[in-house]
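Each remark here refers to the structure printed beneath this line.
In each ligand, atom 1 is the first atom listed, and ligand 1 is the first ligand listed. Each residue takes its place number in the sequence, starting with 1.
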Amino acid sequence: MEETAYGRDGGQRALDRDERARLGARAAALAAELAGRDVAAVALTWVDISGITRTKAVPVARLEHAATWGVGMSPVFDAFLLDDSIVSGRYVGGPVGDLRLHPDLDRLVPLPALPGWALAPALRYAQDGTVHPLDTRALLRREVARLAALGWSALTAFEVEWTVSEGDGGGFRPASGGPAYGMTRISELAGYLRDLLQALDASGVAVEQIHPEYAAGQYELSVAAEDPVGAADTAVLVRETIRAVSLEHGFVASFSPKVEADSVGNGGHIHLSLWQGDPTAAGTAADGAAAGTAGTGAGATGAGGPAGGAAVNVMAGGDGPYGMTGAGEAFAAGILDRLPALLAVGAPSVASYLRLIPSHWAGAYACWGLENREAALRFVAGADGERARAANLEIKCFDPAANPYLALAALLAAGRAGIGAEAELPEPVDLDPGALSADARADRGIIALPSSLEESVAAFEADPALREALGEAVIDTVAVVRRGEIELLDGATPEEITAATRWRH
Ligand code: GLU
Ligand code: MG
């Protein structure tokens, strides 16, 4: 793939005259091609700190200008809460200033679910061409580059759980019933699910599995593993495609962590494997060899990569627990140690803590285990014979309110800190910690994850490795936005919290 200004340099380079010219020329050629395919407009998307995908769009005739000079936006968007009210902090909140949204031309795709539209993830720059410090996509690029500088790379994928409702987005009325994981649920919405798969295929998304989930109206889709930025872009694309196909069928899709106060929630589990070398480098995964994410089903194959090439998955083939190498174990331990802090970006809404409860497969305890769906960190070893490709970690305690770029940036930073400290994993847990008495859990050193957003934010602010990696502006802004939402929903009942969150992400 041709390197662009937003390319593989860690994404921190300022745009200069030459790069602007090159991007403009590329966009002009692309615009002509898009117009030939009846695409009228391109939506430039970014995900805000609260986890909501927001956008500004340009007609295709304006794509060249957008790629060269960007589309204006106010920095105040970094201070939005889930109800669109605005807070202010040390780094965000005022009405003054201008950022430039640039489409990432490498990731621009037509959206067949929205005929005439294409989507391009945006990167945000200041007017002088420097990268905006609160651009979470650039932040993730920087973390990828930091790992790469040490010889490592990661393959990742998001599992998407969502719930389909009839109606107009008022109350929740499940669009399918039938037994959990029942074939009935596919039969009831067969046309909808077919249209969804076709739309994703036409946008180039490699779907690996789709299935009905536990709750009425709930489904899950898993996709092939990619480089971290690609995986986060895909998570956004999948979500917007689901949303559009749902509307086309007269449904509304909810990506809330908790759609109904007394039901299971929607998870946003992340699969992650660490590689020595780069499995996505030309000649390896670029030819489509990258393996998929683990679904939660028996056919799970893991966020693995190609068997060939020089890159090696260090989650397998070692003499550590369940075959992890020392580096693989240290990476996992760096994440496990920081889960309470990581929740501030992975379980970022007040509603997240209605989902994150024991015995709901949400991973409410800070422990890890082999294929343990009640452990916040599940180790997926993969089937015998494909472990070198498939072994990976699944972060179960994260949910779909998370900004996927920010969540991955924080996970990579935590894993990198673990490698630096040669961290070791504690004993694995092979049962549901919620079934143990409090004393038995204490004996095994199993602690509950934070039960409120407030606790997670405090842990996030107190973590030196995350502060060092993400930077002061990000730590402060995440804390300000989270506290704004805590205040917004202060005193609300679980029903009121779910109602306020249900249709926002
Ligand atoms: N819906 C569950 C959650 O909230 C996850 C179910 C599963 O393991 O796939 O995370
Ligand atoms: Mg699931």
* Lys NZ or Arg CZ of Arg239 over Phe255 ring: under 6.0 Å, within 45° -> yes

* Validation row: Trp503, Ser165 side chains within 4.5 angstrom (heavy atoms) -> yes

* Which is closest to atom 3 (C) of ligand 1 in terms of heavy atoms, Lys258, Glu394, Arg355? -> Arg355

* **Heteroatom test (N, O or S) for Glu220 near the Mg ion (ligand 2), limit 2.8 Å** => yes

* the Mg ion (ligand 2) - closest N/O/S atom in Glu213 -> OE2

* Asked: Hey, mind stepping through Trp368 and Tyr322 against ring pair (Phe, Tyr, Trp, His ring centres under 6.0 Å) and telling me if it holds?
  -> CA-CA 12 Å; Trp368 77 285; Tyr322 307 118; 5.7 Å; yes

* Atom indices of ligand 1, in the order listed, that fall short of 4.0 Å to a heavy atom of Gly267 -> 3 (C), 4 (O), 10 (O)

* Structure fact -> Among Arg378, Glu220, Arg373, Glu161, the residue with a heavy atom nearest to atom 5 (C) of ligand 1 is Glu161

* May I ask you to check if ligand 1 and Lys396 share an N or O to N or O distance below 3.5 Å? => yes

* Within the 6.0 Å centroid threshold, strictly below: Trp46 and Tyr405 -> no

* Do you know which N/O/S atom name in Glu161 is closest to the Mg ion (ligand 2)? -> OE2

* If we ignore angles and hydrogens, is there a donor and acceptor under 3.5 Å between the side chains of Thr498 and Glu260? -> no

* Presence of salt bridge, Arg378 and Glu371, under 4.0 angstrom -> yes

* Would you indicate whether Glu495, at its atom CD, is surrounded by more than 12 heavy atoms from other residues, nucleotides or ligands within a distance under 6.0 Å? => yes

* Min N/O separation Gly265 to ligand 1 under 3.5 Å -> yes

* To do: Just jot down the ligand 1 atoms closer than 4.0 angstrom to any heavy atom of Glu213, in number order.
  => 6 (C), 7 (C), 9 (O)

* Asked: Touching ligand 1 at all, Glu159? Heavy atoms, strictly under 4.0 Å?
  -> no

